[in-house]
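A quick write-up on the structure given underneath.
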Amino acid sequence: MTINSPLTDIKGVGPELAKKFAVLGIQNVAQLIDYYPRRYDDYSVLTPIVDMTPGVVTTQAKITSVTGHYVRRGMHITEAVATDATGSVKLVWFNQPYRAGAIKNDHEYYISGELALKAGRFSIASPSLELVSSFPVNTARIVPVYRETKGFKSAQIRKALTQVLPLIRSLPETLPDWVLQRFSLMSYAESIEMIHFPKSPNHLERARKRLGFEEVFGLTMAALLNKHELLVEKAVKIPFNEGLAKEFVSHLPFSLTDDQRKVIWQIYLDMQKAQPMNRLVEGDVGSGKTVVAAMAAVMAIRQGFQVALMAPTELLARQHAETLVELLRPLGYAEEVVLLVGGLSAPQKKVAQEKIRNGEAQLLVGTHALIQDKVDMHSLGLVIVDEQHRFGVEQRKALQAKAGHALHVLNMTATPIPRSLALTLYGELDISVIASKPAGRKPIKTKIASPNSRAQLYEKIESELVAGRQMFVVCPLVSDSDNLPAKSAEQMFEELSKGVFKHRRIGLLHGKMKADAKDAVMQQFANHELDILVATTVIEVGVNVPNATVMLVENAERFGLAQIHQLRGRVGRSDHQGYCYLMMGDSSSPSKRLRALETSSDGFRLAELDLELRGPGAIYGSMQHGQLDLRIAKLSDTKLIADARAAAADFIERGSDLLQYEQLHDRVQKLRAVTNLN
Ligand code: ADP
Ligand code: MG
């Protein structure tokens, strides 16, 4: 057997059982080994029967009698007595008629379960029972508990794992020896055994440390390699022109915030270098990133370079184009802006493509359409990406191929990425933060609501709609799905269309719709041809509908804080007061986590909270969930992060050959694609 063997090669796993494993994503031995427990039950302390107190207990005793019988129609009871030198205790199982035959009288067993007083006598109901051995699996140890499915229990996973223990114990090391020694890390083989079958809390702790270390080591290695690749590339130098910057600012109807000023300056410094800029600008929704982008763009345009601004949706691209035309008009660059999106007519596209090819257009605004083969760039120098995570490495490479040289890349995102996560994920990437907002913004009033107050809430909302405002409703699901008890957008759309809001114009928007259908609905909402837009989180990114003032989030408990914060940013975009209602799935009391949204409007603080409580997946939503592969490492563990980063840097410094570490190599390659931002 090897780690690539199918599960059915394991003794005791037949095709039927293999199917149940497959539901959990486990199809071969490697995946089984990689299926970490979600928690542990500590059954490691053996208590003599006489000393047992109500609650969870584990003991070693001889079974002295077993009987099985039906008590009522269909109801079967197995009763056994366990006896040690100090006393005896009753064990009971319900509806497991096979039990009586399986238990061996007069044999020593480990017994774990909950001791309780029933009908005047102490007994343990449905205990785990296991013959005494040197390697107990379900009792008498720290027992791993896995994510289970219906009719498929942790015990079956444990059993399969014990069959591959010899293989686990001979797993080759995946980290360099000097790393293990310097940071006193457990070997890979031992840490895998200990994560499943820990010998002691201390062993478990050390296994977690080792595996967490490896996760961060891989991530930072990927980030560092990306950075190194960039160091040897050459981009065009775009010198700073002070007069131009001053002129641009003089035409703005407002003065820049200090943070905007600081960030623009950082960008100008970057663009003057031959080394390609690789900067991420993080700024909350409404913090004014577009002006920053425009200021970077004019500098390149003045030098005769083209700038490509890519937006995640067509509608957003259109909005950007309109805004940029206005911002650039006073400088005489309005004609330089060209829009290229899928929705243009064929002749319009031809015209746009021709202008891009001959250099007549210098600010190209669009979606993925900009990267298509048909588009020939004349003199591309700078790429600005709004909401970076919608674009991958391939797209960057495609654009660089068009340009014939490396490009300055400016990424803008409203996702507040906590410093610890950013460092780990993006390593040496340069990050600028626009933390302050333009003066005079009203914070969005946020309230948690329970389902029984829905009617009153709808009345409040109706008064906003009567006043001519609009509402977003966001649901966690697209359509009804039987295994998730949550509102779907389709169901909500039906409910509202037939219920209290039947006199309102309601639209539906979700990720399963075609791109042009989505854009059409969004455009209708932006034109106020709809009062209510029922959607999934597809609306999270950027669209500006200043007249929308109400955001209703259904099953709010299912969303990350940072995500809800992004969502509510959709409604605070004008002089009108914005409202965000967080509807709970049921009437149980909302978590502290959600409460933080009512009191805080600081995206970074909320993201930090999210990170602490739910891990990076919460911040990135579905985007990179899983791919980051941080299953054990906590980004709040600063010592671990620092150690792993130092080790990765040293690894590269020493010129170590990654190819010699096959598993590490594979993981790093995969992660490079995920973490590369430019
Ligand atoms: P985001 O960071 O979400 O992309 P935008 O760039 O769309 O934000 O800016 C939101 C609004 O704030 C725009 O209407 C913009 O004109 C305005 N704005 C930007 N900077 C300032 C500022 N310094 N003072 C006042 N308003 C500003
Ligand atoms: Mg924006």
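Basis for what follows: all heavy atoms, side chains included, without hydrogens, waters or symmetry-related copies. If you read the sequence from its start, that first residue is 1, and numbering goes on from there.
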Within the 6.0 Å centroid threshold, strictly below: Tyr333 and Phe248 | no
**Prompt:** Is the side chain of Asp259 donor-acceptor paired with the backbone N or O of Ala435 at a distance under 3.5 Å, no angle test?
**Reply:** yes
### Query
What is the ring orientation for Phe472 with Phe525, classed by angle as parallel under 30°, tilted 30 to 60°, or perpendicular over 60°?
tilted
Test side chain to side chain donor-acceptor pair (under 3.5 Å) on Thr367 and Glu314; report intermediate values, then the result. CA-CA 6 Å; Thr367 54; Glu314 194 162 322; 5.4 Å; no
- Task: Taking atom CG of Asp575 as the centre, report whether more than 12 heavy atoms of other residues, nucleotides or ligands fall under 6.0 Å from it.
- Result: no
Query - Within-4.5 Å side-chain heavy-atom neighbours: Ile267 and Val281 - result: yes
Check: Does Thr220 use its side chain to pair, donor to acceptor, with the backbone of Val216 at less than 3.5 Å?
Finding: yes
query: Is there a donor-acceptor pair under 3.5 Å between the side chain of Glu215 and the backbone N or O of Arg631?
result: yes
> Where do Gln470 and Asp531 land on the side chain to side chain donor-acceptor pair (under 3.5 Å) test, with the steps shown first?
Replying inline: CA-CA 5 Å; Gln470 290 161 277; Asp531 304 303; over 6 Å; no
The single option from Arg505, Met471, Arg570, Met522 that satisfies side-chain contact (heavy atoms from CB on, under 4.5 Å) with Leu533 is Met522
For Ser345 and Gln348, what are the C-alpha separation, side-chain angles and deciding distance, and is it a side chain to side chain donor-acceptor pair (under 3.5 Å)? CA-CA 5 Å; Ser345 69; Gln348 285 173 320; 3.1 Å; yes
With a 6.0 Å cut-off (strictly less than), is the heavy-atom count around CD of Glu529, excluding the residue itself, greater than 12?
yes
Query raised in the report: Judged by atom type as modelled, is there a donor-acceptor pair below 3.5 Å linking the side chain of Thr323 to the main-chain atoms of Gln319?
Result: yes
NE2 (His228) and CD (Glu233) are apart, to the nearest 0.5 Å, by 13.5 Å
- prompt: Under a 4.0 Å N-O cut-off, is there an ion pair linking Asp650 with Arg654?
  reply: yes
message = Tell me whether Glu354 at atom CD has more than 12 heavy atoms from other residues, nucleotides or ligands lying less than 6.0 Å away.
response = yes
Salt bridge Lys246-Glu242, side-chain N to carboxylate O under 4.0 Å
yes
In Gln260, Glu282, Gln266, the residue satisfying side-chain hydrogen bond (donor to acceptor under 3.5 Å, both in side chains) with Ser432 is Gln266
Query - Check against side chain to side chain donor-acceptor pair (under 3.5 Å), Asn411 and Arg279 - result: CA-CA 6 Å; Asn411 294 278; Arg279 184 167 291 279; over 6 Å; no
Exam field: side chain Gln306 to backbone His378, donor-acceptor pair closer than 3.5 Å
yes
